[in-house]
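Here's the structure we're looking at; comments come further down.
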Amino acid sequence: MGSTTQMQLDIGGMSCANCSQAVTKALDDIEGVKTANVNFATDEGHVEYNPKQTSASEIYSTIKDAGYDPNSRTISIGVTGMSCANCSESIEKALRSVPGVISATANFATDEATVEYNPVETSTPQLYETIEDVGYNPIRDDDDGVSERERRDAARQAEIRHQLHLTLFGTALSLPLLGFMAIRLLVSPDLLPESVFGVEFGWVEFLLTTPVQAVLGWVFYRNAYKAIVKNRTANMDVLIALGSSTAYLYSVAVLLGLISGSLYFDTAALILVFITLGNYLEARSKGRASEALQALLEMEADTAMVVEDNEEREVSLDEVTVGDRFKVRPGEKIPTDGIVVDGESAVDESMVTGESVPVEKIEGDEVVGSTINENGVLIIEATKVGDETALQQIVQTVKEAQSRQPEIQNVADRISAYFVPAVIINALFWGTVWYLFPETLAGFVNGLPLWDPVAGGPQVAGGTVSTFEFGVIVFASAVLIACPCALGLATPAATMVGTAIGAQNGVLFKGGDILERVKDTDSVVFDKTGTLTKGEMRLTDVVVLDESTVTDGGTFTQQELDASPDRDDAFVLRIAASAESGSEHPLAKAIVEAAKERDINVDSPVSFENVPGHGIRATLDEGEVLIGNRKLMRDSDIDPEPAEGTMERLEEEGKTAMLVALNGRLIGVIANADTIKNSAKKAVSALQDRGVEVMMITGDNERTAHAVANEVGISRENVRAEVLPEDKSNAVDAIQSDGRHAMMVGDGVNDAPALAAAYVGTAIGSGTDVAIEAADVTLMRDDPVDVVKAIRISDATISKIKQNLVWALGYNTAMIPLASLGLLQPMLAAGAMAISSVSVLTNSLLFRQYVPDHDYQLFGWNR
């Protein structure tokens with residue numbers, strides 16, 4: 001079986017010996033697990049497994065799938081010193097080899113690594129040490145009162161300053177070399193002096209170049225050594241070190257008289273200056289790309305005005321705890337998430353939801369920390385503080401999304417992994433071939449200015465050089481032109497901006513992989529209540545059914561009910577409200593609320609039973625009460641036929657009609673109606689315009705469902721009605737059975753399985769925590785139009801990634817042949833390489849201007 005690895009686990013959620021047996025059996029079923037022992041008494045597990053056949057990640061997933069909670073922690077570590085995708089790959093590989101690490105990703109564009117690990121087996125300091133061992137610098141979270149954000153901001157600014165200082169230093173020493181080069185190339189080499197202040201001209205160039213090599217080149221030489229020796233890989237630093245040192249060492253050999261040829265000290269220095277300048281611009285661009293996230297964090301209030309014993313005192317936000325009450329005056333930020341306990345005001349929530357219209361808040365309404373109180377004084381009780389607040393959760397979600405890259409990134413990573421070795425082989429091949437067979441190659445590229453037939457040698461910058469010298473030039477140029485920096489930046493830079501655009505517009509993607517997946521949605525399945533409708537049920541009809549009224553229906557209008565609470569309908573409503581008072585369902589709440597508004601006495605039921613998908617069964621002093629649909633009545637041997645005409649009429653009006661039975665006899669029908677959201681029809685129309693098929697799924701009856709669907713523009717054949725909560729996921733699976741990529745949009749607990757089953761699960765942000773947890777995308781606003789925004793942002797981001805990849809790969813595809821044919825000077829190759837990386841970042845930064853109210857176009861922002 002090979003060598004095995006031991007793993008200790010803390011497992012939560014076990015309540016008996018059967019639980020530990022279930023976990024043990026699940027682990028034993030994993031191929032590669034040799035032994036598994038789980039102890040219910042200590043909540044511990046021990047697993048021995050073959051790492052070549054399974055992984056810590058699979059073991060954790062198996063325990064979670066069995067319904068238990070293996071203890072793990074996730075940490076985001078800022079990392080400096082990464083220069084390309086190969087660097088992030090080296091960090092990932094090193095972290096994954098640490099015992100106890102479940103998963104690890106490193107993002108070159110955001111300069112951070114995200115690690116999920118088993119705290120029983122490893123620790124944060126060990127993760128820091130691992131990153132340092134492979135040659136990079138983790139930003140340690142020391143206990144000195146400085147926040148992680150402040151550390152990262154400081155590290156980013158320090159890196160920008162460092163690169164700027166290096167660039168200025170290199171530029172100061174290279175400017176004379178650039179001047180000498182200009183005279184040599186543009187005027188005449190004869191104008192250059194033989195000596196400067198008595199020092200031979202070649203040695204002057206040597207004295208100017210060597211400090212540049214030592215200071216600017218040191219980081220590339222050091223990182224190249226670590227990459228090759230420690231990580232056994234070749235990255236961008238290896239290519240730069242090879243190109244620059246080749247030009248420098250060749251020139252030193254010529255200067256010392258060891259070989260004949262020209263001096264390329266200016267090229268060696270300018271290579272490093274151009275690339276360092278590119279690193280400086282890149283560091284600045286990375287900072288700008290993450291500005292949206294930083295801007296969100298900076299919106300947090302610093303203090304809160306806590307009210308205690310009728311006294312007000314200003315405290316730091318860190319001191320606010322759940323249950324504290326604080327006052328927020330007009331124009332002030334709401335310090336943390338809470339509920340209004342006194343006062344009325346409008347609150348600007350645009351920084352969280354993207355909605356520009358302020359939202360009215362009254363007593364009992366929830367408010368989000370960092371939003372702005374527009375007018376009126378509010379007294380708010382804190383419900384969430386610190387990392388639990390909505391703002392912090394948004395930031396964390398976006399950061400996690402940026403750490404999980406789209407599948408398209410794997411293509412770029414695979415290319416990068418083989419790219420550098422291939423580039424070195426290509427450069428060696430062409431350098432050698434040009435040295436050995438110059439005339440033959442010159443014949444193949446007839447017409448290109450590579451060969452001087454008079455002098456019988458290759459030409460460089462207007463002069464003829466030896467074939468060996470030309471081979472060195474080709475090698476250095478081919479190495480430098482092919483650095484895969486732009487390729488490594490293409491995906492993460494665009495993903496970082498795309499997820500930030502989503503956050504600014506109230507659309508949160510759980511990962512870059514989700515961001516990529518959303519654009520492939522071809523069917524959107526809306527839950528009805530709370531998604532297309534407001535979920536604010538209100539009682540509209542009470543119909544009395546007894547021996548004397550069953551023939552005419554005994555229907556009373558809302559106005560008649562309000563005016564005559566003593567008629568028979570009041571009895572039906574009292575029975576229904578008393579029975580439903582034990583339920584939390586929106587339909588039940590509407591019935592109870594209507595009874596109380598009419599001053600009808602509502603009693604508590606003696607017993608209560610919820611019959612999922614059908615209704616309720618309760619016992620009152622008057623007897624057994626059933627409220628629900630036709631099936632509930634039939635199952636209880638009650639014939640619903642006498643009320644069929646009334647039921648059909650109400651359902652065709654888009655109302656949810658329920659039968660009420662007392663002691664085995666129908667006594668009435670009650671109907672509730674929900675209001676369709678103003679933007680529901682617009683959302684459906686916009687999706688259909690994109691070619692997306694729109695469906696609706698609901699537990700409501702067919703007539704009501706079709707009435708709502710018709711109003712919002714969904715065709716009858718795309719409505720799934722009378723679907724039980726536990727069957728919603730099956731309905732989604734059935735929709736996807738023919739290969740559809742369905743997005744399920746819902747907001748309730750009973751939507752969670754369907755959200756998980758869908759190709760993309762989308763939760764309305766006003767929905768339950770369970771639904772949001774099961775979803776891939778969370779919409780912070782209670783607006784179905786944001787489904788369209790999510791698809792547009794996904795489509796736009798992937799389009800931007802493809803633009804970047806085309807640019808990066810196109811650049812390398814075009815430039816490598818030119819360098820291999822000797823048409824590029826090494827210095828120009830280095831400059832072009834630096835420009836390519838900055839261009840990809842600039843292209844991604846331009847994406848920040850995109851507004852997802854319209855589709856993104858390749859040329860031009862919106863249509």
Side-chain angles (χ1 to χ4, degrees), residues 143-150 153 293-398 503-504 506 508 534-536 584 589 592-593 596-597 764-770 772 778 780-782:
D143 188 17
D144 56 3
V146 180
S147 70
E148 177 195 13
R149 176 165 62 91
E150 291 171 330
D153 288 345
L293 213 54
Q294 294 176 41
L296 275 178
L297 286 167
E298 288 168 0
M299 287 182 177
E300 276 191 318
D302 296 320
T303 61
M305 186 64 69
V306 173
V307 179
E308 192 173 358
D309 297 329
N310 295 323
E311 292 186 2
E312 300 176 11
R313 58 188 180 89
E314 190 173 32
V315 301
S316 169
L317 185 61
D318 296 336
E319 297 178 41
V320 177
T321 60
V322 173
D324 283 351
R325 294 190 174 190
F326 48 86
K327 178 183 286 188
V328 184
R329 296 180 175 85
E332 293 182 341
K333 293 178 183 176
I334 296 173
T336 191
D337 293 4
I339 187 168
V340 177
V341 294
D342 189 28
E344 295 181 11
S345 183
V347 175
D348 178 1
E349 297 182 339
S350 59
M351 49 75 65
V352 172
T353 65
E355 176 57 68
S356 58
V357 179
V359 181
E360 294 295 328
K361 299 291 182 181
I362 60 174
E363 185 176 339
D365 286 344
E366 294 182 348
V367 292
V368 179
S370 304
T371 55
I372 299 173
N373 182 23
E374 293 279 309
N375 49 53
V377 177
L378 294 176
I379 303 297
I380 298 168
E381 182 176 305
T383 56
K384 293 180 181 178
V385 296
D387 292 340
E388 299 299 317
T389 64
L391 180 66
Q392 287 291 342
Q393 291 297 308
I394 290 171
V395 171
Q396 188 58 37
T397 300
V398 175
Q504 290 171 328
L508 302 182
K534 292 181 179 179
E536 299 170 359
E584 290 295 317
K589 289 183 177 179
V592 174
E593 186 177 328
K596 290 180 177 178
E597 287 175 355
I764 295 286
S766 60
T768 65
D769 290 341
V770 176
I772 292 171
T778 298
M780 297 301 293
R781 297 192 304 168
D782 201 359

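Between Thr371 and Asp348, the shortest heavy-atom contact is CB-O, 3.3 Å. The two residues Glu349 and Val359 come nearest to each other via the heavy atoms OE1-CG2, 3.7 Å. Closest of all the heavy-atom pairs between Thr336 and Val385 is OG1-CA, 3.6 Å. In terms of heavy atoms, Pro335 sits closest to Ala304 at CG-CB, 3.6 Å. The shortest heavy-atom contact between Lys333 and Ser370 is CG-O, 4.4 Å. Closest approach of Gly323 and Glu381 over heavy atoms only: O-CG, 3.7 Å.
In this structure, Ile334 CD1 and Lys361 NZ are separated by 8.0 Å, a value rounded to the nearest 0.5 Å. Considering CD of Glu308 and CG of Asn310, their distance stands at 10.5 Å, rounded to 0.5 Å. Atom CG of Leu378 and atom NZ of Lys327 lie 11.0 Å apart (nearest 0.5 Å). Separation of atoms OG1 (Thr303) and CG (Leu317) is listed at 8.0 Å; rounding is to 0.5 Å. To the nearest 0.5 Å, atoms CD1 (Ile764) and CZ (Arg781) are separated by 10.0 Å. The line from CD1 of Ile379 to CD of Glu363 is 11.0 Å long, rounded to the nearest 0.5 Å.
Counting non-hydrogen atoms of other residues, nucleotides and ligands closer than 6.0 Å to CD of Glu312 gives a total above 12. For Ile362, the CD1 atom counts as loosely surrounded, since its 6.0 Å shell holds 12 or fewer non-hydrogen atoms of other residues, nucleotides or ligands.
Residues Val315 and Val320 meet the side-chain proximity criterion, which asks for heavy atoms closer than 4.5 Å. A 4.5 Å side-chain heavy-atom check between Glu332 and Met305 finds every atom pair outside the cut-off.
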Thr383/Glu366 under side chain to side chain contact (heavy atoms under 4.5 Å, CB included): CA gap, chis, key distance, verdict: CA-CA 9 Å; Thr383 56; Glu366 294 182 348; over 6 Å; no

